[in-house]
2 protein chains.
Amino acid sequence: MNDVQADKVSFRDVKAELLRRITEREWGPGALLPGEVELAAEFQVARATVNRAMRELTEEGIVERRRKAGTRVRPSPLRAARFEIPLVRAEIEATGAAYGYRLLERRVVVAPDWLAARLALAAGVRLLYLRCLHVAGAAPYQHEERWISLAAQPAAEAEDFAESGPNEWLIRAVPFSEVEISFLATAAEGGVAWALAMAEGEPVFTVERTTWWQGQAVTHVRLSFGRGHRITTRY
Amino acid sequence: MNDVQADKVSFRDVKAELLRRITEREWGPGALLPGEVELAAEFQVARATVNRAMRELTEEGIVERRRKAGTRVRPSPLRAARFEIPLVRAEIEATGAAYGYRLLERRVVVAPDWLAARLALAAGVRLLYLRCLHVAGAAPYQHEERWISLAAQPAAEAEDFAESGPNEWLIRAVPFSEVEISFLATAAEGGVAWALAMAEGEPVFTVERTTWWQGQAVTHVRLSFGRGHRITTRY
DNA sequence: AGCTGCTATTTGTCTGACCATATCGTCGAA
DNA sequence: TTCGACGATATGGTCAGACAAATAGCAGCT
């Protein structure tokens, strides 16, 4: 008997072992893995345990599964990376710096065409337009340019957003059902460059996020980060 | 009796209903949800089914769970966004354009200091340095600048990478255990600007990826995308 | 007041049995 | 030869029961 001291085998152990066999090319790209029952017998666990291990590997993009066809190692690792997107305030305070906020501009506007198209708004809809700056210690950290649909969220018009950012208000006040996030690189220009203390045309890491509630666009925001900002994930 | 036609209730139904109550503020940010047993009784399902629904909500950053303390709606939605990172070839072919590849430069170099530091390499380690261009139809799509550790991967020196990219070779040939990915904005300069047909200093969406195998750095790559590139995800 | 240890409660995981669903092969009919 | 029906098979999911692990909150001690 080996396994004299055998600790209980968990789905984590199974998953780790399967991952080992895959990364060490015991099962190369495209290879067919044994079925769940077979692996359950090998590891001396219930099939449900193997199932959970393999399901997590599927979610991480390591393997592909199809009924009857079985489980295969993905030929080209379409690895999915997860990025956590915290609130600016939390992000800044996590670095140890003091969080500061300044409202730069606040106007009611009619939706410009490009935005109306993107949010599928009727022409001439009124929006609350805001520009504000999030500061880490003394340094500008993030410039926020936001449009809030007053049709979807009339209460926003009564808020002045002088003391705290619209994001924090929206999270408390507005539910959302669907979100689209984009990452891109833009050139700093005009108010953005000025607010972030950057030269005109400098590259800026930018996040755009649009939020809907029950099919209706609630808000669109463009976040521009200060010089050298990057987001990182490991796995 | 309602539920006359009652379809079988699945963890998906439970999850959707919990999510509905959360997004519609029936349970607002920070609120404590009922325990698993209670919900299982309410939905007339096994506790395991409720557990799976709630576990998935946890993974998506919607709720927080702690033993004995119960399950709470996250006060600030630290929503995790998933981005799928395919191979360039697949990414280009998915748009319908023909994929093209050109090797721009291939040299053996000693690790520059900044890279040696980042990869935790000994000073003076030999690396294979490559620059290449991935083309979509007629337009340059992505500039790739890559360093491959010849200590970790000596076989790379025998490859000429004239016909297909180092990424495709590495995926076939080299396992990896750990990956770090960053997104950032940089300024196009020199060879990058030229290859992508951009002006000097134009903003470029850039991805950096470092790969390790069993604690040893295998490769570091810097991918620069053409004008206007963005990556997007919805949920 | 502050510390320590206990306990009840809640989530985490495993088991083995069962049925559901998708689909690959095969076999037979047109 | 081609098409369609059908059975075998692998994964998908549910269930009830059991035990493990973490910990909030309490009781009792110093």
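Protein chains get the first letters and strands the later ones, always in sequence-line order, with residue 1 at the start of each.
- Across the protein-nucleic acid pair, A:Leu39 atom CG and C:dT15 atom P stand 14 Å apart, rounded to whole Å.
- Between B:Glu64 and B:Arg74, at least one side-chain N (NZ, or NE/NH1/NH2) sits under 4.0 Å from a carboxylate O, which counts as a salt bridge.
- The closest donor-acceptor contact from the side chain of A:Tyr101 to the backbone of A:Ala162 lies at 3.5 Å or more, if one exists at all.
- Under the 3.5 Å distance criterion, the side-chain polar atoms of B:Thr49 are left unmatched by any main-chain donor or acceptor of B:Val45.
- Distance B:Arg72 CZ to C:dT10 P: 12 Å, rounded to the nearest Å.
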Table of protein N/O atoms under 3.5 Å from nucleotides 21-24 of chain D N/O atoms:
{"unit_1": "D:dA21", "atom_1": "N3", "unit_2": "B:Arg67", "atom_2": "NE", "d": "3.4"}
{"unit_1": "D:dA22", "atom_1": "O4'", "unit_2": "B:Arg67", "atom_2": "NH1", "d": "3.3"}
{"unit_1": "D:dA24", "atom_1": "OP1", "unit_2": "B:Arg66", "atom_2": "NH2", "d": "2.7"}

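- Geometrically, A:Arg234 engages B:Trp212 in a cation-pi contact defined by less than 6.0 Å to the ring centre and at most 45° from the axis.
- Classification of B:Glu208 and B:Arg118 as a salt-bridged pair holds, one side-chain N sitting under 4.0 Å from a carboxylate O.
- The stretch residues 40-58 of chain B comes close to DNA chain D through B:Val45, B:Ala46, B:Arg47, B:Thr49, B:Arg52, each having a heavy atom under 4.0 Å from the strand.
- Proximity of B:Thr71 to the phosphate of C:dT10: no side-chain N or O atom is located under 4.0 Å from OP1 or OP2.
- As a whole-Å value, the separation of A:Leu32 CG from C:dC24 P is 13 Å.
- An OP1 or OP2 oxygen of C:dC14 is reached within less than 4.0 angstrom by a side-chain nitrogen or oxygen of A:Ser10.
- A salt bridge between B:Glu36 and B:Arg47 is present, with a side-chain N of the basic residue lying under 4.0 Å from a carboxylate O of the acidic one.
- To the nearest angstrom, P of C:dA20 lies 17 Å from CZ of B:Phe11.
- Checked for salt-bridge contact, B:Glu144 and B:Arg222 miss the test: no charged N lies under 4.0 Å from a carboxylate O.
- When rounded to the nearest whole Å, the span between CD of B:Glu36 and P of C:dC14 equals 15 Å.
- The residues B:Arg89 and B:Glu168 are annotated as salt-bridged, a charged nitrogen and a carboxylate oxygen being separated by less than 4.0 angstrom.
- In this structure, the CZ atom of B:Arg65 is 18 Å from the P atom of C:dT9, given to the nearest Å.
- With rounding to whole Å, A:Leu18 atom CG is found 12 Å from D:dT11 atom P.
- The interatomic distance linking A:Asp13 (CG) with C:dT15 (P) rounds to 11 Å, in whole Å.
- With respect to the salt-bridge test (charged N to carboxylate O, under 4.0 angstrom), the residues A:Lys15 and A:Glu59 do not qualify.
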